[in-house]
Student: 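Let me begin by handing over the structure; questions about it come next.
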Amino acid sequence: MSHVEEPTAERRDEICGNLGDIAKAVASAGKVKDARLVAVSKYKPASDILAAYSSGQRHFGENYVQELAEKAAILSDDIKWHFIGRLQSNKCKTLASISNLWAVETIDSESKAHKMNEAWGSAGHARPLNVFVQVNTSSEENKGGVERHEVVQVVRAVRESCQSLHLLGLMTIGSIEGSHRRPNPDFLALVGLRDQIKAELGVDLELSMGMSDDFDHALELGSTNVRVGSSIFGSRMLKSGSQ
C-alpha cells in the first residue's frame, strides 16, 4: 500500500460506526446468509476508504474507471473492487489492468461482455473476472442495462463464449419510483429473471440489487449483494470534470 493520508479520528469513528450499523442490518435482513456489502466509495478520498478498511470492509464499489484505477494503485491490494458505473468498451483495457478488480457489475450487452473478456484474458490474470449482467428492469431509456427479453441470450453468451469471465449474477438499479414501492417491482422482475434462467439454463445466479435507501427490502427479496454509499460515507461530494 502506498502512503495514504490517514483519516482523522473523528472521521474514522463516523465511518466505522456507520459501517457497523449497516453491516448489522445486512446480516439481519437478508434471506441469504452472508449477503455481500459493497461500500460505494465514489468521489470519496482514499482516507475514507482506509477508515472503512480498518473496520474490516474489503468490498468497495466505484463508478468511474480512472478514479478506481487511481485508488487501486495506492490502497491495499487485498481490497476487492467492484466497477458499478456505465461500462464503456474503450475502458475495458484499463479495468483489466487492475489486478484486484473483483467484479464488473454492469455488463449490458454481448459486445461489451466480449470486450471485457478479451481485455481480461489479454492481461494474463490467473483467475476469471466476476461479472454481473445489468438488467434495465424499468425499461427507462436513460438507464443502462439489457432489456428483459434479451437477458437469457446475454447470459448464455457470457457462459458459452467468455472463458475469462465468471458470470456471478444479475444486477439492477431500478427506477426512482419503484424504490418507494413495496414490493419493489424492479426487484421482483430481477428475481423472476433469475428464476427463469435457473429453469431454462440450470444456472444459479446471484442478485445485486438495493442501495442505501432500500437495501433492507432488497435483502428481504433475496439480494446477495447490496451497494451502499451515503449511509456509510455521508452525502455525495460533487465531482468536477468527467471520466
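If you're wondering where the values come from, they're calculated on a predicted model, not measured in any experiment. Sequential numbering from 1 along the given sequence is applied to the chain's residues.
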Student: Would you indicate whether the side-chain heavy atoms of Leu168 and Val131 approach each other to under 4.5 Å?
Tutor: no
Student: Does Ser28 reach the main-chain N or O of Ala25 with its side chain, forming a donor-acceptor pair under 3.5 Å?
Tutor: yes
Student: Quick check: does any side chain N or O of Asp216 sit under 3.5 Å from a backbone N or O of Ala29, one acting as donor and the other as acceptor?
Tutor: no
Student: Can Val38 be reached from Ile22 by stepping across I, L, V, M, F, W or Y side chains whose heavy atoms are under 4.5 Å apart?
Tutor: no
Student: Quick one: does Leu167's side chain get under 4.5 Å of Ile107's, heavy atoms only?
Tutor: no
Student: Provide the closest heavy-atom pair for Ala46 versus Val4 in the form atom of the first, atom of the second, distance.
Tutor: CB-CG1, 3.6 Å
Student: Looking only at side chains, do Ser138 and Glu140 share a donor and an acceptor under 3.5 Å apart?
Tutor: yes
Student: Apply side-chain hydrogen bond (donor to acceptor under 3.5 Å, both in side chains) to the pair Asp48 and Tyr53, showing each step before the final yes or no.
Tutor: CA-CA 9 Å; Asp48 278 3; Tyr53 180 92; over 6 Å; no
Student: Can you tell me how far CG of Asn100 sits from CZ of Phe60, rounded to the nearest 0.5 angstrom?
Tutor: 11.5 Å
Student: Is the number of heavy atoms from other residues, nucleotides or ligands under 6.0 Å of Arg11 CZ greater than 12?
Tutor: yes
Student: For Lys44 versus Gly234, what's the shortest heavy-atom pair and its separation?
Tutor: NZ-O, 3.7 Å
Student: Please step through side chain to side chain contact (heavy atoms under 4.5 Å, CB included) for the pair Lys115 and Trp120, ending with a clear verdict.
Tutor: CA-CA 9 Å; Lys115 285 283 187 180; Trp120 191 258; over 6 Å; no
Student: Look at the side chain of Ser54 and the backbone N and O of Ala51, then say whether any donor-acceptor pair between them is shorter than 3.5 Å.
Tutor: yes
Student: What is the minimum heavy-atom distance between Ile232 and Ala39, and which atoms define it?
Tutor: CD1-CB, 4.0 Å
Student: What do you reckon, is CG of Asp21 surrounded by more than 12 foreign heavy atoms closer than 6.0 Å?
Tutor: yes
Student: Is it true that atom NZ of Lys112 has more than 12 heavy atoms of other residues, nucleotides or ligands lying nearer than 6.0 Å?
Tutor: yes
Student: Identify the heavy atoms of Val104 and Leu95 that sit nearest to each other, and give their distance.
Tutor: CG2-CD1, 4.4 Å
Student: Within a strict 4.5 Å, meaning less than it, do heavy atoms of the Val146 and Gln134 side chains meet?
Tutor: no
Student: According to a hydrophobic-cluster definition based on side-chain heavy atoms being under 4.5 Å apart (Ile, Leu, Val, Met, Phe, Trp, Tyr only), do Val26 and Ile84 belong together?
Tutor: no
Student: Just verifying a value: how many Å separate Gln57 CD and Leu50 CG, rounded to the nearest 0.5 Å?
Tutor: 13.0 Å
Student: How long is the span from the CG atom in Asn142 to the CG atom in Asn136, to the nearest 0.5 Å?
Tutor: 8.5 Å
Student: Quick check for you: to the nearest 0.5 Å, what is the distance between Leu201 atom CG and Asp204 atom CG?
Tutor: 11.5 Å
Student: Can you tell me how far OG of Ser212 sits from CG of Asn18, rounded to the nearest 0.5 angstrom?
Tutor: 10.0 Å
Student: Sorted by first residue and then second, give each side-chain hydrogen bond (donor to acceptor under 3.5 Å, both in side chains) pair with at least one member in residues 154-171; sequence neighbours left out.
Tutor: Asn130-His166
Student: Indicate every side-chain donor-acceptor pair of residues 219-228 with a distance under 3.5 Å to a residue at least two apart or in another chain.
Tutor:
| residue | atom | partner | partner atom | Å |
| --- | --- | --- | --- | --- |
| Ser223 | OG | Leu207 | O | 3.2 |
| Ser223 | OG | Met209 | N | 3.3 |
| Ser223 | OG | Met209 | O | 2.9 |
| Ser223 | OG | Asn225 | N | 3.4 |
| Ser223 | OG | Asn225 | O | 3.0 |
| Thr224 | OG1 | Glu206 | OE1 | 2.9 |
| Thr224 | OG1 | Leu207 | N | 3.2 |
| Thr224 | OG1 | Leu207 | O | 3.2 |
| Asn225 | OD1 | Arg36 | NH1 | 2.9 |
| Asn225 | ND2 | Glu105 | OE2 | 3.1 |
| Asn225 | ND2 | Ser208 | OG | 2.9 |
| Arg227 | NH1 | Ser208 | O | 3.3 |
| Arg227 | NH1 | Ser208 | OG | 2.8 |
| Arg227 | NH2 | Thr172 | O | 3.1 |

Student: Looking at Leu190, Asp186, Ile173, which one forms a side chain to side chain contact (heavy atoms under 4.5 Å, CB included) with Val135?
Tutor: Leu190
Student: Given Val152 and Ile197, is the side chain to side chain contact (heavy atoms under 4.5 Å, CB included) satisfied, shown in steps?
Tutor: CA-CA 6 Å; Val152 173; Ile197 290 167; 4.1 Å; yes
Student: Show your working on side-chain hydrogen bond (donor to acceptor under 3.5 Å, both in side chains) between Arg148 and Thr137 and close with a plain yes or no.
Tutor: CA-CA 6 Å; Arg148 295 190 203 185; Thr137 51; 5.7 Å; no
Student: Would Leu129 and His125 count as a side chain to side chain contact (heavy atoms under 4.5 Å, CB included) if you check the C-alpha gap in whole Å, the side-chain angles of each, and the deciding distance to 0.1 Å?
Tutor: CA-CA 9 Å; Leu129 173 66; His125 298 290; over 6 Å; no
Student: To the nearest 0.5 Å, what is the distance between CD (Glu147) and CG (Asp108)?
Tutor: 10.5 Å
Student: Among the clusters formed by ILVMFWY side chains lying less than 4.5 Å apart, do Ile74 and Phe83 turn up in the same one?
Tutor: yes
Student: Could you walk me through whether Val203 and Lys198 pass the side chain to side chain contact (heavy atoms under 4.5 Å, CB included) check?
Tutor: CA-CA 5 Å; Val203 182; Lys198 170 67 173 176; over 6 Å; no
Student: Does Glu118 come within less than 4.0 Å of Lys93, counting only side-chain N to carboxylate O?
Tutor: no
Student: Quick one: are the ring centres of Tyr43 and Phe233 less than 6.0 Å apart?
Tutor: no
Student: Tell me if a side-chain donor or acceptor on Asp214 pairs with a main-chain N or O of His217 at a distance below 3.5 Å.
Tutor: no
Student: Give me the atom names and distance for the closest heavy-atom approach of Pro183 to Leu188.
Tutor: CG-CD1, 3.6 Å
Student: Could I get the full list of side chain to side chain contact (heavy atoms under 4.5 Å, CB included) partners for Glu62, not counting sequence neighbours?
Tutor: Ser41, Lys42, Ile49, Glu67, Leu68, Lys71, Trp81
Student: Side chains of Thr106 and Arg86: is there a donor and an acceptor less than 3.5 Å apart?
Tutor: no
Student: Answer with yes or no whether the hydrophobic clustering places Met211 together with Val40; edges join I, L, V, M, F, W, Y residues whose side-chain heavy atoms lie under 4.5 Å apart.
Tutor: no
Student: Using a 4.5 Å cut-off on heavy atoms from C-beta on, say whether the side chain of Pro7 contacts that of Ile15.
Tutor: no
Student: What's the shortest heavy-atom distance between Leu165 and Pro128, and which atoms?
Tutor: C-CB, 4.0 Å
Student: Atom NZ of residue position Lys143 - does it have more than 12 heavy atoms of other residues, nucleotides or ligands inside 6.0 Å?
Tutor: yes
